[in-house]
Amino acid sequence: MAPSRSTGTLMDKAGHGVKFLGGSILAGVLVAGMALPAVGAFGLTAKDTAESFDNIPDDFKQPTLSQASMIYDAKGGLIAKVYDRDRTILTADQMAPVMRQAQVDIEDARFYEHGAVDLKGVLRAITKNAESGTAAQGASTLTQQYVKNVFVEQAGDDQQAFLEATKKSLGRKIQELKYAIKLEEDLSKDQILTNYLNITFYGHQAYGVEAAANRYFSKSAKDLTIPEAAMLAGLVQNPTAYDPIAHPQAAQTRRNTVINKLLEYKHITPEEAKAALDTPLGIKYSEPQNGCITAQNGMGFFCDYVRHVIKQDPAFGATAADRQKLWAQGGLKINTTIDPDKQAAMYNAVTKKVYVTDPVSAAGSMVEPGTGKILAMAQTRPYGLDTSKNQIVLNLNVGASMGGGNGFSPGSTFKPIVAAAALDSGIPITQEYPSPYSMAYPKMSTCDGTTNDTPTLTNESTSEHGPYSLQVAMQKSVNTYFIQLEEQMGLCPIKQMTDKLGLGTLANGSKIQQVASMVLGTQEVSPLQMASAYAAFAARGLYCSPVAITSVTGSNGKDIGVPSANCTQAMSQTTADGINTLLLGVTEKGTGSALGLNDGRQIAGKTGTTDERFAAWFTGYTPDLATSVWLGGVGGNVSMKKIYIGGTYRPAVYGADGPGPIWQKAMNDALKGSDPRTFQRVDIPQPTQTPNPSDSPSAPSGDNAQGGNTGWPGGATNGGITLPPGVIGGNTGKPGRH
C-alpha cells in the first residue's frame, strides 16, 4: 500500500542528501534534536559530532532474525513449536496492507517522502522540546527505529548489550543515523518496512507482526482487519502501557488514535473509520506455546531428544557454538521419525498400566528394524517442571548425554546379547552345560587378560539345575548356564558384540566393563539402546543406530543434512536367525509365554528382573517393530516387592508380569491392522537330556537375572537409575554396585 513518493520540498531533499553532510553542523544538530533540546546539553561541539559520524564503519549488517522452529511427526503433525523468540518471518505480500499502512501512519507518516532523516520532524521536535524544556518528543524515522531494533536483536539475552542498544545517547543516535543512511541506499522503502514489521516487539513474547497477530487475535497477519491492525500498530510505542490484556482501555484509546491517523492521511474512508472505532477490541488471546512442554501424547521427551540431537550431532555444525547458534536462530522445519499412532499406543500403555502417583514409573521405546527410526518414546511421568503434578524433565528412555539419567541394569534381557556373541564366535546353538543350582565364579578371559575370582552365585530356585541346552536355558533364564557359556568363549567376544549393537557405551557415557557379571546385565543401559539392539535381531543382524530426524529445512529454505543410521551387519544372518528362534521359544514356552498378541502373530523377546526387584524389563519384537519396556523407580532403589502399581497389589514384580503387560498393550495397539510377518527359524535338535519336569519353564521367577545370589560383588546391582548431580530428582551420582 505504498503511496506514490512526492518530489518533496527542499527540506525533504536535504533529508535525502544528509549522507553528504557528515562533517557539517547539521549532522550533530539533527541527531541531538531527535531526542534532546540541544547538542549543547552533551557538552559536544559540531566538530566532535562530525568526527564521531565519520569514524563509524558503514558496513551495517542485518542479522538473521531468530524465529520459531517447528518439529513435526512422521505424518506431518506438529509436535511442538520451539523458539528463543517467537517470530515467523513474512514477506510483504503476506502482511495485510492495512497493517503496513497503520504502522507507517502512527510512527512515521512521511516515511515514503523523506530520506533517512525527516528534517521537518527534527525541527518540529526541536521546537516542541525547547518549548517544554524536556526531551519528550523524538523524531527518529522508521528506518532509524529499525536500526535500533537490529541492535536489540543482536544483544539477545545479554542485559548489558541490551541497555547499550537502548540508551539515549548522542553516540548511539549518530550511529543509528549513519546506518539508516546506509540502509536507505541499499534497500527500498517497502523492504525496510517489511524488515521492521518482522523484527519489532509487540509484547507478550511476540516478535514481528505474525506472532503478534497470532498472540492477540489467533490469526495470521494477512487476515488482520482495520481495528486489529490499528491496535497492533499502536502497541509498538509501548507494549507494556498499551497491553490489551493488562490495560484494555489504554489499548483501545491508542488503537483509536491509529484509526484516526489512517483517516487523517486518507488511507481509510470515514465510513471505515467509524465502523472501526465502534468495534470492540475483540481480543482472542493465544498463550505463548513454546517448547517441548506443549507436546501432546507424551511427545515432550522425544521433542527434547530432538533438541539434544541438533545441539550435539556434527551434522548440524562443526562446533557446539555453531549448533547452538543454529538452534537459537530457529526458523527450522524439523521432520522426525515419530509415528503418532505408535506413540499414542506406547503412551497409553505406560500411563494406563502405571499411574503417575505410583512409586515407580515405566518407560518404553519403539524402533523400526532395519532403519533405526525411533517410532515411539514415552514414559509414565509427564514432561515438565511442576513436581506437584509428578512432572519430570528426565528422559528415562535415553542416556545422560541426551537428557536422561545414567540408565538401568537390564538384567536377563542382556543374555541374548551374550548368546549372539557365542553363536557368532562358533559355539553351536545346541551347546549344553551342567548348569548347577550354585557354582563358584570362574576366572574369565578378557580382551586384555583375565578377570578376578568372585564369590558363588545361584539360580533363581533350588530346583533349577541342569544339564540345560541353550534353548531351554534361554527359556528359563538360567544364570549358571550363561556363566558357563561366558566362561567358554571369554568376555572379549561379548565386548565386541556390545560395540556392534550400540551397547558398548553405557547410559552414563562410560565404556562397558569386561567383568564376569556382564552376562547378567548388571551395567546400566537405556530402553532405547535395548530396543535398538533387539531390532538388529529382527533385521537378521543388521544394526542401525537410532535416528530421530528425517529432514531439516533451514530458515533460508535450504535442506540441512541429518544424521545417518549407519546400518552395519553386526552378526551373521544365521546367528540372528538363531537368536530369533531362541527368543521365540521364550514367548512360546518360557518366561514370556503369557505375552502373546491378540492376532496371534509371532513375537520374540526376553524378560529381565534385577536383584531386589529394583528394575524389571521386557524387550520384545516382531520382524516389523522392536519395543523395550522398563519398569522401576525414577530415582532408583525402589524395591518392587509388596507394592501397588496401577492400582494392583504385587507381592513381587517380574519382567513377565510388570513391564510385560505394558509391552503387550503397546504392541497390540501399535500393530493393529498391519499384516503379520514371520521370522526365519533355524532347526534346533532336542537336547540329549531334558531338564527336571517339575521345574516349569513358564514360572515367572525364571526371568530374574541375579535373584537369590549371595551378594558377590560382580553380580549385585541396585537396578535403579543413577542421576547426575544437580539433576531434578537426582542423587549424588554414585554408581550402583557392580
Side-chain angles (χ1 to χ4, degrees), residues 1-9 11-12 15-16 90-121 124-125 137-146 149 180 184 187-200 202 206 208-210 212-213 216-217 219-239 242 244 250-283:
M1 185 182 274
S4 60
R5 184 191 292 259
S6 73
T7 57
T9 64
M11 188 75 74
D12 296 325
H16 285 296
L90 303 180
T91 58
D93 59 1
Q94 292 173 316
M95 302 173 183
V98 70
M99 181 67 228
R100 296 172 64 83
Q101 193 62 63
Q103 203 73 68
V104 169
D105 286 357
I106 193 60
E107 292 198 66
D108 188 359
R110 289 166 28 80
F111 174 64
Y112 283 97
E113 299 170 16
H114 61 64
V117 177
D118 181 5
L119 295 184
K120 283 185 178 179
R124 181 180 65 251
Q137 185 164 354
S140 293
T141 64
L142 194 147
T143 305
Q144 289 170 275
Q145 291 177 50
Y146 170 65
N149 273 281
E184 295 260 352
L187 301 178
S188 69
K189 288 284 190 177
D190 279 342
Q191 186 58 57
I192 292 171
L193 176 59
T194 299
N195 290 357
Y196 180 73
L197 288 165
N198 277 322
I199 199 173
T200 198
Y202 290 87
V209 69
E210 179 71 0
Y216 298 111
F217 299 111
K219 62 169 57 176
S220 175
K222 66 181 173 58
D223 299 320
L224 290 168
T225 64
I226 292 172
E228 291 168 347
M231 196 215 77
L232 295 183
L235 265 179
V236 173
Q237 185 184 73
N238 193 328
Y242 301 129
Q252 184 157 339
T253 299
R254 176 67 172 168
R255 180 205 70 173
N256 292 349
T257 298
V258 179
I259 293 171
N260 285 324
K261 285 291 183 182
L262 284 164
L263 176 62
E264 177 185 345
Y265 299 126
K266 296 181 170 52
H267 293 129
I268 59 174
T269 66
E271 293 76 18
E272 288 174 325
K274 183 180 185 308
L277 290 169
D278 291 342
T279 301
L281 276 180
I283 300 299

For residues 273-283, which side-chain donor-acceptor pairs fall under 3.5 Å, sequence neighbours excluded?
residue, atom, partner, partner atom, Å
Lys274, NZ, Asp278, OD2, 3.0
Thr279, OG1, Ala275, O, 2.6

Locate the shortest heavy-atom distance separating Leu224 from Ala96; write the atom from each residue and the value.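 The answer is O-CB, 3.9 Å.
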
Which atom of Val258 lies closest to which atom of Ala230, heavy atoms considered: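 That closest heavy-atom pairing would be CG2-O, 3.6 Å.
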
Who pairs with [X] by side-chain hydrogen bond (donor to acceptor under 3.5 Å, both in side chains), at least two apart in sequence or on another chain?
{"X": "Asn195", "result": "Gln62, Gln191"}
{"X": "Glu210", "result": "Ser220"}
{"X": "Lys219", "result": "Glu228"}

Side chains of Tyr265 and Gln101: does their closest heavy-atom pair fall under 4.5 Å? no

side-chain contact (heavy atoms from CB on, under 4.5 Å) with Glu107: which residues, sequence neighbours excluded? Gln103, Gln145, Tyr196, Val236

side-chain contact (heavy atoms from CB on, under 4.5 Å) against Ala92, all qualifying residues, sequence neighbours excluded: Arg100, Thr194

Please check this pair: side chain of [X] against backbone of [Y], looking for a donor-acceptor N/O pair closer than 3.5 Å.
{"X": "Arg254", "Y": "Tyr242", "answer": "no"}
{"X": "Asn198", "Y": "Gly208", "answer": "no"}
{"X": "Tyr216", "Y": "Tyr202", "answer": "yes"}

So which of Ile268, Thr269, Ile106 actually passes side-chain contact (heavy atoms from CB on, under 4.5 Å) with Leu262? Ile268

Please determine, by modelled atom types, if Thr91 and Asp93 share a side-chain donor-acceptor pair under 3.5 angstrom.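 Yes, Asp93 and Thr91 have a side-chain donor paired with an acceptor closer than 3.5 Å.
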
